[in-house]
Each structure stands twice: as structure tokens, then as C-alpha cells.
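The structure under discussion appears below in the form of C-alpha cells.
Note that the coordinates shown come from a computational prediction; the quantities given were computed from them, not determined experimentally.
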Amino acid sequence: MKSEVKSLTGLRGVVALWVVCFHFFAHLKSDFLLKTVGNGYLAVDVFFVLSAFLLTVSYSEKFRILNSKGVLSFYKKRVNRIYPVYGISIVFIILFIEKSSWAAFFINAGLVQCFFNPNYLLNVVYWSLSTEWICYLLFPLMLYLIIRLKIRGEILIIAGLVLRVILPHLPEMFIGSDIPMEMGKSQRYLDIPYGLNSLARTIASYLLGIGIALLPKFKIKENLLIYLSLGISLALLLFTVRGLVFIPLLSAIIIKQLYTGEKNYIQLFLGSPIIHFLGNISYSLYIIHYIIKKQNIVLFSSENLNSLILIALSILLSYLSYVLIERKLKIFKV
């Protein structure tokens with residue numbers, strides 16, 4: 001695997017900003033913005049696809065044979081990636097923002113929120129960290145079996161799409177379903193942020209990311225494919241609802257082209273210093289922005305200006321988190 005593909009780091013930044021705008025600008029009435037910014041919940045699926053793709057190209061050789069040392073090293077790296085910022089954010093929320101039960105603390109600390117009533121979520125975005133953590137735990141065995149059984153990438157892609165199609169029709173499943181949920185059920189297509197269905201949503205994106213990573217290099221001209229995928233994605237966002245099921249697949253194609261393809265304007269944009277900076281702080285930004293959003297801080301009468309200032313504050317705090325926590329604090333030596 002390449003040490004770093006700056007355009008993919010930049011893509012993380014763009015996707016994180018999409019989530020941030022989705023949360024801060026939900027009040028916008030423009031039809032165009034409602035269908036682009038308003039579909040920002042799909043950005044989380046792009047995160048999952050990107051994570052699965054990069055893990056696959058990194059470990060497809062290492063996990064041809066499973067051994068305890070290799071798997072343990074993988075888990076330690078995942079803990080180092082997720083827990084420092086995440087753990088501190090949990091402690092901060094409990095100490096300074098809202099009182100919580102011990103049950104909520106342990107459910108969040110253990111990253112098992114996807115198995116429980118969403119009332120236990122200390123931060124709305126934690127659901128995706130929970131489902132990705134479970135996928136991390138499953139990934140070594142999953143990739144080993146895929147390689148051992150010689151499951152083709154096309155089969156994984158079809159399985160991922162089928163799972164996404166049936167997701168809205170699955171019954172809600174989580175511990176504590178007899179207790180009324182404090183968050184309302186989203187009416188957006190495929191916006192499923194709690195319960196075992198959210199885990200299935202993440203697994204579907206992982207199947208797409210792994211499947212695309214295992215496919216041979218596309219024979220079609222690289223730049224044509226990446227521009228075509230981006231154009232189709234925008235068209236699906238603007239003009240369809242059911243077509244949103246294909247957004248993660250198209251994002252996986254774009255990711256593969258950014259990883260293996262020739263230079264193009266999209267790659268140059270995503271690799272630019274500002275976008276690359278956003279990519280570096282994207283994980284902290286993903287966690288911190290909603291903590292700020294939830295405080296309902298009003299600094300200006302203009303809602304749009306107020307949101308922009310709070311986003312800027314989120315970016316500043318995320319940079320500090322990246323420098324002081326992400327880069328310096330590691331739980332395990334690997």
C-alpha cells in the first residue's frame with residue numbers, strides 16, 4: 001500500500017465537511033441545497049467505503065493467513081485510531097454537558113451503541129463509530145474468508161447493493177426497543193443511524209469497498225471513469241430518491257481511481273493544501289462539530305452566519321484535537 005494518497009485524505013475532509021453542513025444547515029430551503037447538503041447523511045457511507053477499501057489494500061496480503069500476532073497488531077492500530085479522541089469526548093460530555101447513567105457510559109465506552117436503544121447515544125454521530133468498530137473486529141476474519149474462498153469482487157458488490165436495497169424493509173432490532181426513542185425515526189431514504197440495521201448498513205458499505213478494492217484495474221480510461229462516476233452521483237442526488245442506493249458504489253469507484261489512476265482535476269483539488277488539512281482533522285471534526293451543534297449557541301441573529309462561525313470554531317477545535325491528541329496520544333505501541 002502507498003504510504004499516503006493525499007487525494008484520499010482530502011476526500012475524508014470533503015466528506016466530513018458534508019456531514020458538518022448537513023447538521024448545521026438543515027434549515028436551508030433551496031431545492032438544490034436540500035438535495036445535496038440535505039443528503040449529507042450519505043457521507044457516512046462514503047467514510048465506510050473508504051475505510052474498507054484502504055484496509056483491504058493494506059491487509060489483503062497479510063490476512064491471507066491469520067495469526068494472533070497479525071490480528072492483535074491490527075486491533076491495536078484500530079484502537080489507537082479511534083479511542084484517544086473518542087474516549088476524551090465521552091468523558092468531556094459526561095463531565096461538562098449532560099448527566100448520564102453508568103449504563104450509558106459503559107455502552108458508549110465499549111462502542112456497542114448499535115446493539116442498544118439510541119437513547120443511550122451521548123453524541124448522535126457515535127452510532128457510526130460503533131458500527132465501524134464492530135466491522136473492525138470482523139474484518140480480519142471477513143477478509144481471510146473472502147481470500148480463502150476466492151469470492152470475487154463482483155459478488156461482494158452485488159451483495160452490498162442487495163443489502164442496501166433491503167435495509168429499509170428490515171424490522172428495527174436493538175436492545176430496549178420497548179422504550180420510546182427520544183430521536184425521531186428519519187424519513188430520509190437509507191438514513192438508518194441506530195440498531196442492528198445501522199450495522200447492516202455499515203457492512204453493506206464494507207462489502208462495496210472490499211469488492212471494488214479486489215477488482216482488477218478498470219480498463220476504461222481513468223479520467224473518464226472518475227468524471228462519469230462523479231456526474232452520475234450528482235445526478236442521483238438531484239433527481240432521484242431510490243437512486244441514492246448507488247452513491248456508496250460510485251464513491252468506491254472514485255476512490256479506486258484516486259488510488260490507482262492518473263492525475264486529474266479532482267485529484268489535484270482533493271490533494272490541495274486546504275482540503276488535505278481538512279482530511280487530517282476530519283475524524284476530530286466529525287466528533288466535535290456535533291458536540292458544538294448540540295449546545296444551540298447563538299452568536300448572531302443570522303442563522304447562516306451563526307452556523308458558519310460555529311463550523312469555524314469546530315474546525316479550530318478539531319485542529320487542536322488533531323495536534324494534541326490524535327498525533328501524540330497512543331494507547332498501544334505498535
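The distance from the CG atom of L55 to the CD atom of E132 is 7.5 Å, given to the nearest 0.5 Å. We find the CG-CG distance between L196 and L170 to be 10.0 Å, quoted to the nearest 0.5 Å. Atom OG of S130 and atom CZ of F116 lie 9.5 Å apart (nearest 0.5 Å). To the nearest 0.5 angstrom, E303 atom CD is 14.0 Å from F300 atom CZ. One finds the CG atom of L228 at 8.5 Å from the CD1 atom of I253 (value rounded to the nearest 0.5 Å). Here the straight-line distance linking atom CG of N39 with atom CD1 of I247 works out to 8.0 Å at 0.5 Å rounding.
Judged purely by atom type and a 3.5 angstrom limit, N117 has no side-chain atom pairing as donor or acceptor with the backbone of M181. For S51 (side chain) and F47 (main-chain N/O), no donor-acceptor pair under 3.5 Å exists by modelled atom type. No side-chain donor-acceptor contact under 3.5 Å links N80 to the backbone of K330. Remark: side-chain polar atoms of S73 are not paired, donor with acceptor, to backbone N or O of K69 under 3.5 angstrom. With Y283 contributing its side chain and I82 its backbone, the two residues share a donor-acceptor pair below 3.5 Å. Without hydrogens or angle criteria, S229 side chain to I226 main chain gives no donor-acceptor distance under 3.5 Å. Judged purely by atom type and a 3.5 angstrom limit, N119 uses its side chain to pair as donor or acceptor with the backbone of P180.
Under the 4.5 Å side-chain contact rule for hydrophobic residues, I179 and F115 do not share a cluster. In terms of hydrophobic clustering, with Ile, Leu, Val, Met, Phe, Trp and Tyr side chains grouped at heavy-atom distances under 4.5 Å, L95 and L122 are assigned to a common cluster. With hydrophobic clusters built from ILVMFWY side chains whose heavy atoms lie under 4.5 angstrom apart, I309 shares a cluster with I288. Y286 and V91 fall within a single hydrophobic cluster, where Ile, Leu, Val, Met, Phe, Trp and Tyr side chains are chained together by heavy-atom contacts under 4.5 Å. Transitive grouping of hydrophobic side chains (ILVMFWY, heavy atoms separated by less than 4.5 Å) keeps L141 and I65 in distinct clusters.
Using a 4.5 Å cut-off on side-chain heavy atoms (C-beta onward), L250 and L236 make contact. A heavy-atom distance below 4.5 Å is not found between the side chains of I97 and K294. A 4.5 Å side-chain heavy-atom check between F139 and T56 finds at least one atom pair inside the cut-off. Within the 4.5 Å cutoff, no side-chain heavy atoms of L42 are placed close to those of F22. Here the side chains of I291 and S89 are in contact, with some heavy-atom distance below 4.5 Å. The shortest distance between side-chain heavy atoms of Y41 and L244 falls below 4.5 Å. Residues K62 and P140 are not in side-chain contact: their nearest non-hydrogen atoms beyond the backbone lie 4.5 Å or more apart. Side-chain contact between C114 and I134: present, with at least one pair of heavy atoms (C-beta onward) separated by less than 4.5 Å.
Taking the side-chain hydrogen bond (donor to acceptor under 3.5 Å, both in side chains) definition, one finds that Q295 meets it with nothing, sequence neighbours left out. For Y290, the ring pair (Phe, Tyr, Trp, His ring centres under 6.0 Å) partners at least two apart in sequence or on another chain are H23. Scored by the side-chain hydrogen bond (donor to acceptor under 3.5 Å, both in side chains) test, S186 finds D191 as partners (sequence neighbours excluded). Among residues two or more places apart in sequence or in another chain, the salt bridge (charged side-chain N to carboxylate O under 4.0 Å, His left out) test is passed with K6 by none. Residues forming a salt bridge (charged side-chain N to carboxylate O under 4.0 Å, His left out) with R242 (at least two apart in sequence, or on another chain): none. Considering only residues two or more places apart in sequence or on other chains, F106 meets the ring pair (Phe, Tyr, Trp, His ring centres under 6.0 Å) condition with W102.
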| request: Applying side chain to side chain contact (heavy atoms under 4.5 Å, CB included), run through I147 and L143 and close with a yes or a no. | output: CA-CA 6 Å; I147 294 170; L143 188 58; 3.9 Å; yes
| query | Could you go step by step and tell me if I255 and I212 meet the side chain to side chain contact (heavy atoms under 4.5 Å, CB included) rule? | reply | CA-CA 9 Å; I255 288 164; I212 289 291; over 6 Å; no
| field | Steps toward side chain to side chain contact (heavy atoms under 4.5 Å, CB included) verdict (I292, L317) | value | CA-CA 10 Å; I292 293 176; L317 293 176; 3.7 Å; yes
| said: For a side chain to side chain contact (heavy atoms under 4.5 Å, CB included) check, start with the C-alpha distance between K29 and L34, then their side-chain angles and the critical distance, and finish with the verdict. | reply: CA-CA 7 Å; K29 304 301 181 185; L34 280 175; 5.6 Å; no
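Closest non-hydrogen pair, P193 versus R201, comes out as N-NH1, 4.2 Å. Nearest approach of I90 to Y126, heavy atoms of both residues: N-OH, 3.7 Å. Minimum heavy-atom separation, K328 to V323: CG-O, 3.6 Å. Heavy atoms only, all atoms of each residue included: L249 and L208 are closest at N-CD1, 3.9 Å. L285 approaches A16 most closely through the heavy-atom pair CD2-CB, 4.4 Å. Of all heavy-atom pairs spanning V49 and A252, the tightest one is CG1-CB, 3.4 Å.
Within the structure, salt bridge (Lys or Arg N to Asp or Glu O under 4.0 Å) pairs that include any residue of residues 71-92 comprise R81-E326 (at least two apart or interchain). Listed by first and then second residue, the salt bridge (Lys or Arg N to Asp or Glu O under 4.0 Å) pairs involving residues 145-161 are R152-E154 (not counting sequence neighbours). For residues 246-258, the set of pairs meeting the salt bridge (Lys or Arg N to Asp or Glu O under 4.0 Å) definition, not counting sequence neighbours, is empty. Pairs engaging residues 185-210 under the ring-ring contact (aromatic ring centres under 6.0 Å, His included) rule: F174-Y194 [sequence neighbours left out]. A salt bridge (Lys or Arg N to Asp or Glu O under 4.0 Å) check over residues 273-284, counting only residues at least two apart or in different chains, returns nothing.
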All N/O donor-acceptor pairs, side-chain side in residues 265-281, below 3.5 Å, sequence neighbours left out:
residue	atom	partner	partner atom	Å
Q267	NE2	L258	O	3.4
S272	OG	F269	O	2.6
H276	NE2	E4	OE2	2.7

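Taking the six-membered ring for Trp and thresholds of 30 and 60 degrees, W133 and Y136 have ring planes more than 60 degrees apart, a perpendicular arrangement. Aromatic ring orientation, F63 versus Y59: parallel (interplanar angle below 30°, classes split at 30° and 60°).
More than 12 heavy-atom neighbours from other residues, nucleotides or ligands sit within 6.0 angstrom of OH on Y75.
For Y83 and Y86, the ring centers sit closer than 6.0 Å to each other.
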